[in-house]
Amino acid sequence: MHRKHLLKFRTSEAQELTTVKMSKFGGGIGAPTTEERLKEAAEIHLRLGQLQRYCELMVELGEWDRALSVAPGVSMKYWRKLTQRRADQLMQEDTDATIPYCIAVGDVRKLVHFFMARGQLKEALLVAQAACEGNMQTCRAPTPPGASGPEDARGEDFTELLHAASTRLAEWHSQGGRAVRAACCHLAVDDVELAMASLLRGNELELAVCVGTVLGEAAAPATHYALELLARKCMMIPEFGSDLLLMIPDNELQLVKLCAFYPGCEEEMTISCKLPTVEECMQLAETAHADGRVFEAVKYFLLSPEPEKALSVGIDFVKEHISRSDWTLDTIYPVLDLLSYIRTEKLLLHTCTKARNELLILSGYAGALLAARRQYASIVPALYEYTSQLLKRREVSVPLTIERLSEELEAWRACTPPIPPGLSLHAGFESQRRVHAALLRRLQAEPLRGMVGPDYVTGSHLPSHSDAHISCLTGLKIQGPVYFLEDGKSAISLNDALMWAKVNPFSPLGTGIRLNPF
């Protein structure tokens, strides 16, 4: 045939060979197989210089290496597209073979997420750091007109990806009861706030203070919180507690709490802490009460000769607020927290029975809300149940009902991830979503970054062997360190005890005794 017809003829021949893959029936006994026909067609396309069609046929035949070796002859854009397809295919097969393909096309994000999904967190961190240092060619979108060209680009900023990988690795260490290693993961990427939060959630308070002191201003809020928790640990040795609190720059409120709770020698403590005398506190409290400054009135009443007056003022304030529709947790919790430092012997007086019961109920309810905000999932139901039981058994007058508490708890359970399959189809789910939305508006955001999530102390997952105890909160066998309550028999896990004490200082037994598991 004439040379002008040669390429058209051979192209037609190749197309005829490829149509066999669409045929329902084979070519009979002795006829070439589908694979042989496709290979022959591919070789024709290759000799005709139709490289893209050759590559497509090689891919269909599973000959990815041959296709990728020829693809750059089509264009680098096509090669990248083909390599990306190969990476996606291997990723679906969950094989390490995908790694070089992802790196070759610079799809760092996909590779990091691939590693994280498989639990290979250290590898994810390594790849993200390599990308941050510019060691990988990365995918870039086409340069828009007028913008700087590729020669001026420095690639994407992978800092966020690096932090995501380090956070996952830190959380893995934290859940395993390795708070120090979790903190090291955050410090490795210069995230001081989350490093401090890891130490606090692991109850490594002394270490948190030491590290925070070295790190300075960036760690200051967490350092001050650690000092406050350490002071609670030293509550019965107030001289140590005051020394710790004096390390906090704005320490008046913390010193007031310490002096209010300290049983005896009020004058000595208030002088050493540079607070007003008990007589001056009474005058300041009455003035503040008359002016409508409730928080100040409660603060100074606690230091006065009649600290029980703080109960009536503070509790009335809280009851008034939660009767409204627009109240928030941050409005009532500081007052309840302050009231919890009234001395135990005053709180247990017969004349304070009703006020004590109302304080326990309101503190339990506020604690449940704060636990929900901080995602202390293991104790939220227990706090709601604790509040409901007190409400059922004690003579009180508070704007709470058992039905309301039950409704909020069920809404929290239904709308807190992971949502059980099929629940969204439930007839009452929409009403639960509305209740949960109202709950979220009351909770607002946690101010101290990194404090959202459960506490895990060292040894949280160690086996209990024969020394087994059942948690009075969950009814489950306790794994790891155990914390005994004031009756000497009831026990809860140390993790739950720490979380409970951070949101509600009173014992789960409803006695009015403060918890101190720190």
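Every heavy atom of this structure was used, including side-chain atoms; hydrogens, water molecules and symmetry mates were not.
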Walk me through it: do Y300 and H289 pass the test ring-ring contact (aromatic ring centres under 6.0 Å, His included)?
-> CA-CA 10 Å; Y300 289 117; H289 189 210; over 10 Å; no
Next item on the list: Determine, stepwise, if the pair E407 / S431 fulfils side-chain hydrogen bond (donor to acceptor under 3.5 Å, both in side chains).
Entry: CA-CA 10 Å; E407 183 182 49; S431 65; over 6 Å; no
For this session: Show your working on side chain to side chain contact (heavy atoms under 4.5 Å, CB included) between F518 and L230 and close with a plain yes or no.
Result: CA-CA 7 Å; F518 301 104; L230 269 180; over 6 Å; no
- Start with the C-alpha gap between W500 and Y386, add the side-chain angles, then the distance that decides, and say whether side chain to side chain contact (heavy atoms under 4.5 Å, CB included) holds. CA-CA 12 Å; W500 184 290; Y386 161 88; 3.9 Å; yes
For R374 and D455, what are the C-alpha separation, side-chain angles and deciding distance, and is it a salt bridge (Lys or Arg N to Asp or Glu O under 4.0 Å)?
-> CA-CA 10 Å; R374 291 187 177 177; D455 287 359; over 6 Å; no
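Separating the CZ atom in R514 from the OH atom in Y341 is a distance of 4.5 Å, to the nearest 0.5 Å. Here the CG-OH distance, from D496 to Y376, works out to 11.0 Å after rounding to the nearest 0.5 Å. A distance of 7.5 Å separates OG of S460 from CG of L494, quoted to the nearest 0.5 Å. With rounding to the nearest 0.5 angstrom, the CD1 atom of I315 is 12.0 Å from the CD1 atom of I332.
Within the 4.5 Å cutoff, side-chain heavy atoms of L370 are placed close to those of E446. Considering only heavy atoms from C-beta on, Y225 stays 4.5 Å or farther from M196 through its side chain. Looking at V335 and L338, their side chains never come closer than 4.5 Å, going by heavy atoms from C-beta outward. Residues L311 and E358 fail the side-chain proximity criterion, which asks for heavy atoms closer than 4.5 Å. Looking only at side-chain heavy atoms (C-beta outward), I322 and L362 come within less than 4.5 Å of each other. L187 has its side chain within reach of L215: a pair of non-hydrogen atoms, C-beta onward, lies under 4.5 Å apart. Using a 4.5 Å heavy-atom cutoff, the side chains of H321 and F317 are in contact. Considering only heavy atoms from C-beta on, L229 stays 4.5 Å or farther from K233 through its side chain.
No side-chain donor-acceptor contact under 3.5 Å links S406 to the backbone of E403. With hydrogens and angles disregarded, a donor-acceptor distance shorter than 3.5 Å links the side chain of S312 to the backbone of K309. Within the 3.5 Å criterion, the main-chain N or O of H163 finds a donor-acceptor partner in the side chain of S166. A donor-acceptor pair under 3.5 Å links the side-chain atoms of K319 to the main chain of S397, judged by distance alone. Counting only distance, with no hydrogens or angles, the side chain of R343 and the backbone of A260 share a donor-acceptor pair below 3.5 Å. Listed for the D291 side chain is no donor-acceptor partner under 3.5 Å among the backbone atoms of R293. Proximity of a side-chain donor or acceptor of T98 to a complementary backbone N or O of T95 within less than 3.5 Å is not detected. In terms of modelled atom types and a separation under 3.5 Å, the side chain of R201 and the main chain of S174 share no donor-acceptor contact.
With W172 as the aromatic partner, R178 meets the cation-pi criteria of under 6.0 angstrom to the ring centre and within 45 degrees of the ring axis.
Under 3.5 Å, the side chains of E279 and Q283 contain no donor-acceptor pair of N or O atoms. Side-chain contact annotation: T458 with E204, donor-acceptor N/O pair under 3.5 Å present.
The existence of a salt bridge linking E408 and R404 is confirmed by a sub-4.0 Å separation between a basic side-chain nitrogen and an acidic carboxylate oxygen. Salt bridge status for E171 with R168: absent, with no side-chain N to carboxylate O gap under 4.0 Å. Look at R118 and E123 and you find no salt bridge, because none of the NZ, NE, NH1 or NH2 atoms lies under 4.0 Å from a carboxylate O.
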Report all side-chain donor-acceptor pairs from residues 216-224 shorter than 3.5 Å, counting only partners two or more places apart or in another chain.
unit_1	atom_1	unit_2	atom_2	d
T223	OG1	A219	O	2.7
H224	ND1	A220	O	3.3

